[in-house]
K.L.:
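Have a look at this one.
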Amino acid sequence: MALAGTGAFAEILDGEVYKYYADGEWRASASGKSVAIVNPTTRKTQYRVQACTQEEVNKVMEAAKVAQKAWARTPLWKRAELLHKAAAILKEHKAPIAECLVKEIAKPAKDAVSEVVRSGDLVSYTAEEGVRILGEGKLLVSDSFPGNERNKYCLSSKIPLGVVLAIPPFNYPVNLAVSKIGPALIAGNSLVLKPPTQGAVAALHMVHCFHLAGFPKGLISCVTGKGSEIGDFLTMHPGVNCISFTGGDTGIAISKKAGMVPLQMELGGKDACIVLEDADLDLVAANIVKGGFSYSGQRCTAVKVVLIMESIADAVVEKVNAKLAKLKVGPPEDDSDITPVVTESSANFIEGLVMDAKEKGATFCQEYRREGNLIWPLLLDHVRPDMRIAWEEPFGPVLPVIRINSVEEGIHHCNASNFGLQGCVFTRDLNKAILISDAMETGTVQINSAPARGPDHFPFQGLKDSGIGSQGITNSINMMTKVKSTVINLPSPSYTMG
């Protein structure tokens, strides 16, 4: 099996430290410094990446601006061809990239492989979709508006924004990077990627696949480094024409500082699962376990609070507990169901929520167990609104159950949250499901399934503090372009034929 940083990827590694990517070349930073990436399982340094300087960011921005001008003149079919090529190379090298995901973010091995494959598929789909969307314009005629003759023809088309800054999160550092890179590139933009620290090496491998596909120099860059050094410098850089960010509270800070650029942001959630009395309880239990605990609950769209009618609560809790007992807990290399959370500070934060719930009298369905960053799956029953876990996003394998006496109570709790990413409702009554869905203040509501972002071409958006704008391949392409109109003024009104 090819290992990270070897074979086709040998040139991205400089001794112990992975290089950054600028102007079509892999480079070591002039800072001479590096950032350590700690393996969540061993809690030892696994990889090191360059600590880029502000001067290096300036050069990247300059190159991106120049490359974008030429790229915008590249035929659409040619852009698509390069994206298809990159997708194929990405899928071909799924093993070393998946290995990085296992070591950097403790993603279970099989999930790591499927993230890379899904990412290749997303890039190909984006190329196809982009060719169709961007190949179409609009012709408007003036006589539809009162008081006008047909003497003006307006041709409107979509043109690129310029330089897109993409900032993906640790939990899907490859998939949520390409979901920004693909739309940006097909639309004729250049792309600067600032990967998360945990996940940076997987992202650098992914970027190398785009390099191998033969994209023009300077069009794609990838800068790594300390947020304190280059974070604000990047997001406030005058050369940036669009920011696509997925992550946590940082997004709110970015939106306050970013200035006049289009923003696409997805900032987390507290996805509520509302369970009605007529629901299929086995389906409910399976989805609570999958929704709440897959990838140790470290997903924006994880089920993060269960709002369940009192009369069926005991039965569902019992079914969920039986399933939790069967989950395999351990290192990601063994394809465990529950793997260590990403950092020690994350584990400490989760523990804080658990201890608060304990003090306030929540029922622990399992014993709370933690070794290092590994936290065993835990269901908390009889959670009340005065507990932090009722509102805060743990991003870990701990799930609160709040018992409700009416659907209205469930909807009220869901809508009282400052988040509004997704939610789900379980019932056999479709009419009821639609009425509840319409009442829930979330970007998406899943009926009879756990929340999920995909398939990747579905619209994906959050309300309130969960984000700005909408993702999904078509929405992202549209967001990364602007409308340009050319108006032809005719010497006299024209009517076609007749």
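We're numbering straight along the sequence, starting at 1. Quick caveat: nothing in here was measured; it's all calculated off a predicted structure.
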K.L.:
Ignoring hydrogens and angles, write down the donor-acceptor pairs under 3.5 Å from the side chains of residues 231-245, residues two or more places apart or on other chains.
P.N.:
unit_1, atom_1, unit_2, atom_2, d
Asp232, OD1, Lys257, NZ, 3.3
Asp232, OD2, Lys257, NZ, 2.9
Thr235, OG1, Gly231, O, 3.4
Thr235, OG1, Asp232, O, 3.3
His237, ND1, Gly239, N, 3.0
His237, NE2, Asn58, OD1, 2.7
Asn241, OD1, Val163, N, 2.8
Ser244, OG, Lys180, NZ, 3.1
Ser244, OG, Gln264, OE1, 2.6

K.L.:
Tell me the ring-ring contact (aromatic ring centres under 6.0 Å, His included) pairs involving residues 179-201, sequence neighbours left out?
P.N.:
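Checked against ring-ring contact (aromatic ring centres under 6.0 Å, His included) - neighbours excluded - no pair reaches residues 179-201.
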K.L.:
Pairs under 3.5 angstrom only: tabulate donor-acceptor contacts from the side chains of residues 203-222 to other protein residues two or more places apart or in another chain.
P.N.:
unit_1, atom_1, unit_2, atom_2, d
His205, ND1, Val201, O, 2.8
His205, NE2, Gly5, N, 3.0
His208, ND1, Trp26, NE1, 3.0
His208, NE2, Ala8, O, 2.9
His211, ND1, Tyr21, OH, 2.7

K.L.:
With Ala28, which residues qualify under side chain to side chain contact (heavy atoms under 4.5 Å, CB included), at least two apart?
P.N.:
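Testing Ala28 for side chain to side chain contact (heavy atoms under 4.5 Å, CB included), a comparison that skips the adjacent residues, returns Asp14, Gln50.
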K.L.:
Less than 3.5 Å apart, any donor N or O on the side chain of Glu56 or Ser29 sitting next to an acceptor on the other?
P.N.:
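A donor-acceptor contact under 3.5 Å links the two side chains.
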K.L.:
Per the salt bridge (Lys or Arg N to Asp or Glu O under 4.0 Å) rule, what does the pair list look like for residues 189-198, sequence neighbours excluded?
P.N.:
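Non-adjacent pairs meeting salt bridge (Lys or Arg N to Asp or Glu O under 4.0 Å): zero.
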K.L.:
Please, which pairs that meet side-chain hydrogen bond (donor to acceptor under 3.5 Å, both in side chains) have at least one residue in residues 107-121, sequence neighbours excluded?
P.N.:
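Applying side-chain hydrogen bond (donor to acceptor under 3.5 Å, both in side chains) to every pair that reaches into residues 107-121, excluding sequence neighbours, yields Lys91-Asp121, Lys107-Glu115, Arg118-Asp456, Ser119-Asn175.
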K.L.:
How would you list, by chain and number, every residue that makes a side-chain hydrogen bond (donor to acceptor under 3.5 Å, both in side chains) with Glu392, sequence neighbours excluded?
P.N.:
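By the side-chain hydrogen bond (donor to acceptor under 3.5 Å, both in side chains) rule, Glu392 matches Arg388.
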K.L.:
Taking the side chain from Thr126 and the backbone from Leu122, do they hold a donor-acceptor pair closer than 3.5 Å?
P.N.:
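Pair found, side chain donor or acceptor close to backbone of Leu122.
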K.L.:
Considering residues at least two apart in sequence or located in another chain, which fulfil the side chain to side chain contact (heavy atoms under 4.5 Å, CB included) criterion with Ser437?
P.N.:
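Ser437 satisfies side chain to side chain contact (heavy atoms under 4.5 Å, CB included) with Val445 once adjacent residues are dropped.
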K.L.:
Could you name each residue pair satisfying ring-ring contact (aromatic ring centres under 6.0 Å, His included) that touches residues 136-169, not counting sequence neighbours?
P.N.:
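Non-adjacent pairs meeting ring-ring contact (aromatic ring centres under 6.0 Å, His included): zero.
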K.L.:
List the steps, then state whether side chain to side chain contact (heavy atoms under 4.5 Å, CB included) holds for Thr197 with Ile37.
P.N.:
CA-CA 7 Å; Thr197 300; Ile37 295 171; 4.0 Å; yes
K.L.:
My understanding is that only residues two or more places apart in sequence, or in another chain, count here; which of them pass ring pair (Phe, Tyr, Trp, His ring centres under 6.0 Å) with Phe349?
P.N.:
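So Phe349 forms no ring pair (Phe, Tyr, Trp, His ring centres under 6.0 Å) with any residue.
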K.L.:
Just jot down the ring pair (Phe, Tyr, Trp, His ring centres under 6.0 Å) partners of His84, sequence neighbours excluded, or say none.
P.N.:
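Once residues adjacent in sequence are excluded, His84 has no partner under the ring pair (Phe, Tyr, Trp, His ring centres under 6.0 Å) criterion.
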K.L.:
Check each of Glu333, Gln198, Gln46 against Lys103 using the side chain to side chain donor-acceptor pair (under 3.5 Å) test, and report the only one that passes.
P.N.:
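The passing option is Glu333.
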K.L.:
For a quick test of your reading: what N or O donor-acceptor pairs under 3.5 Å do the side chains of residues 66-76 make, sequence neighbours left out?
P.N.:
unit_1, atom_1, unit_2, atom_2, d
Gln68, NE2, Gly188, O, 2.9
Trp71, NE1, Leu185, O, 2.8
Arg73, NH1, Lys69, O, 3.4
Thr74, OG1, Ala70, O, 3.2
Thr74, OG1, Trp71, O, 3.2

